[in-house]
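Quick notes on the structure that follows.
All residue numbers refer to positions in the sequence shown, counting from 1. Fair warning: this is a prediction, and the values are worked out from it, not measured in the lab.
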Amino acid sequence: MSPSQPLTSSITNSRLNQIHNHIMGSAGSPTMFTADNVPRAAEDPLFGLMAAYKKDTFDKKVDLGIGAYRDDNAKPWVLPVVKKVGLVLLTAGVDVANSDIQADDLLRKDPDLNHEYLPIAGLAEFTTASQKLVLGADSPAVREKRVISIQTVSGTGAVHLGGAFLSKFLPQPTPAIYMSSPTWANHNQIFTNVRLPIKSYPYFSSETKMLDFEGMISTLSSAPKGSIILLHACAHNPTGVDPTQDQWMKIAEVVKAGSHFPFFDCAYQGFASGDLAKDAWAVRYFVEQGFELCVAQSYAKNFGLYGERAGAFHFVTAPGPDAQDTVSRIASQLAILQRSEISNPPAYGARIASMILNDENLFKEWERDLKTMSGRIIEMRKAFRDKLEEFQTPGTWNHITNQIGMFSFTGLTEKQVGILKEKWHIYMTKNGRISMAGLNTHNVAYVAESVSATVKETQ
């Protein structure tokens with residue numbers, strides 16, 4: 001090697017670095033995204049809780065934070081009807097009435113299956129069936145063609161699409177959206193992101209651990225005319241507290257008197273009581289009363305299609321001679337919003353749900369699966385309350401069985417929640433909300449004993 005070679009190599013590397021820095025910027029160039037204009041966001045508390053639970057090596061640890069159904073062995077449960085999605089696959093002529101055929105197999109046997117984009121509005125047979133499911137097949141809005149339905153990325157996408165539409169097209173200044181206190185945490189983030197002003201109405205009474213109906217009605221009665229009122233159709237998240245039918249009638253009366261716009265979030269139809277019509281009663285009643293409203297619908301819980309992101313957004317316009325023109329114009333704008341955000345919704349989960357919703361036998365099987373899930377939750381509520389009372393836990397615990405759906409607002413304080421996590425390895429959100437699906441016959445006594453000991457310790 002000649003003496004000049006190392007020098008030549010050094011010069012070459014230096015020149016390459018100069019060119020690289022010129023193109024890419026020097027290593028010391030400051031970012032435009034400094035901590036001042038992009039502060040670090042707080043970790044999502046629920047997903048942080050899940051991460052902490054996974055790291056815990058204690059053999060009796062219990063996860064009461066997860067918002068997903070679990071069977072009596074704390075395992076995810078794929079609904080049998082989702083595994084076997086057809087008694088007769090009409091398009092292929094495959095008889096699977098008594099077979100163990102899986103959803104994937106059935107879909108693969110469909111000669112019309114492909115991986116093309118769905119339309120912007122989604123799978124038509126899915127949205128049509130979803131519309132009838134939540135509004136009722138005999139709904140006046142469906143009969144009069146006053147409904148537009150768009151397939152969304154589960155219920156979260158439906159809430160977002162509805163919020164974006166209202167924020168863009170309601171008369172200015174944009175009215176506030178009134179949400180229950182408390183509500184699903186993501187509601188605040190979604191509506192803030194679409195720039196809807198946020199206000200709240202009382203909902204949960206810390207004294208009775210049930211509905212603060214008087215507080216709710218008082219606030220809604222005094223809300224500015226034309227406000228948006230966010231309502232949980234059933235199985236209120238996070239409290240598990242629902243209005244009675246008489247209370248829903250009064251809520252409708254107040255909402256109508258204030259010319260407010262109802263926005264229903266329906267994430268648990270059929271999962272709450274096991275009865276699809278009962279769980280949709282409030283939505284259907286408001287439609288019958290002639291309201292213009294919208295509904296965000298999710299199939300995560302009631303079909304167990306958590307990761308498939310199947311959902312729908314429905315806009316129901318008020319009855320009148322121009323109703324069909326109104327809903328057509330709204331549909332055109334919803335399509336533009338959808339196109340700009342996700343373009344086309346995902347197909348797989350919608351295809352599974354559509355097969356079940358549009359087949360009479362499969363639908364009946366799905367109803368049985370819903371009763372299995374809701375029935376186990378109800379059994380766990382009773383078992384948990386019985387054990388708490390058996391351990392002579394201070395306070396009253398009847399709210400555990402009075403509440404409904406996946407979640408229960410226990411009334412436990414943040415301090416007590418912390419003790420349960422650190423000492424007993426029981427994980428729940430800081431506000432004392434527990435997922436009843438996390439309880440089973442193997443751990444309910446342990447959880448009740450731990451809660452009892454913690455409540456006594458902190459008195």
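- Applying the ring pair (Phe, Tyr, Trp, His ring centres under 6.0 Å) test between Y299 and each of Y306, F126, F271, Y268 identifies F126 as the sole match.
- Ring pair Y201/Y178: centre-to-centre distance not below 6.0 Å.
- Summarising the local packing, NZ of K364 is surrounded by 12 or fewer heavy atoms from other residues, nucleotides or ligands at distances under 6.0 Å.
- Looking only at atom types and distance, the side chain of N358 has a donor-acceptor partner in the side chain of S354 under 3.5 Å away.
- Annotation: side chain to side chain contact (heavy atoms under 4.5 Å, CB included) contacts of P202 (sequence neighbours excluded): D212, T219.
- Residues forming a salt bridge (charged side-chain N to carboxylate O under 4.0 Å, His left out) with E389 (at least two apart in sequence, or on another chain): R385.
- Without hydrogens or angle criteria, D265 side chain to L230 main chain gives no donor-acceptor distance under 3.5 Å.
- Using bins of under 30°, 30° to 60° and over 60° for the plane-to-plane angle, the ring pair W184/H187 lands in the perpendicular bin.
- When atom types are taken as modelled, the side chain of R381 and the backbone of I400 share a donor-acceptor pair closer than 3.5 angstrom.
- Side-chain N or O atoms of T396 include none that pairs as donor or acceptor with a backbone N or O of N398 at under 3.5 Å.
- Taking the six-membered ring wherever Trp is involved, the centroid distance between the rings of Y203 and F409 does not fall below 6.0 Å.
- Residue T410 holds its OG1 atom at 11.0 Å from CZ of R433, rounded to the nearest 0.5 Å.
- Panel note: side chain D242, backbone A235; a donor-acceptor pair is recorded below 3.5 Å.
- You'll find the side chain of F384 reaches within 4.5 Å of the side chain of I434, heavy atoms only.
- Aromatic pair F165/F313: ring centres not closer than 6.0 Å.
- A salt bridge does not link E379 to K382: none of the charged side-chain nitrogens sits closer than 4.0 Å to a carboxylate oxygen.
- The side-chain heavy atoms of L357 and F363, taken from C-beta on, include a pair separated by under 4.5 Å.
- Using modelled atom types and a 3.5 Å distance limit, the side chains of H232 and T183 yield a donor-acceptor pair.
- In this structure, K61 forms a cation-pi arrangement with Y53, its terminal cationic atom sitting closer than 6.0 Å to the ring centre and no more than 45° off the ring axis.
- Looking at D246 and T244, their side chains never bring a donor and an acceptor atom within 3.5 Å of each other.
- In this structure, the side chain of Q338 engages the main chain of Q151 through a donor-acceptor pair within 3.5 Å.
- Ring-centre distance between F58 and W424: not below the 6.0 Å cut-off.
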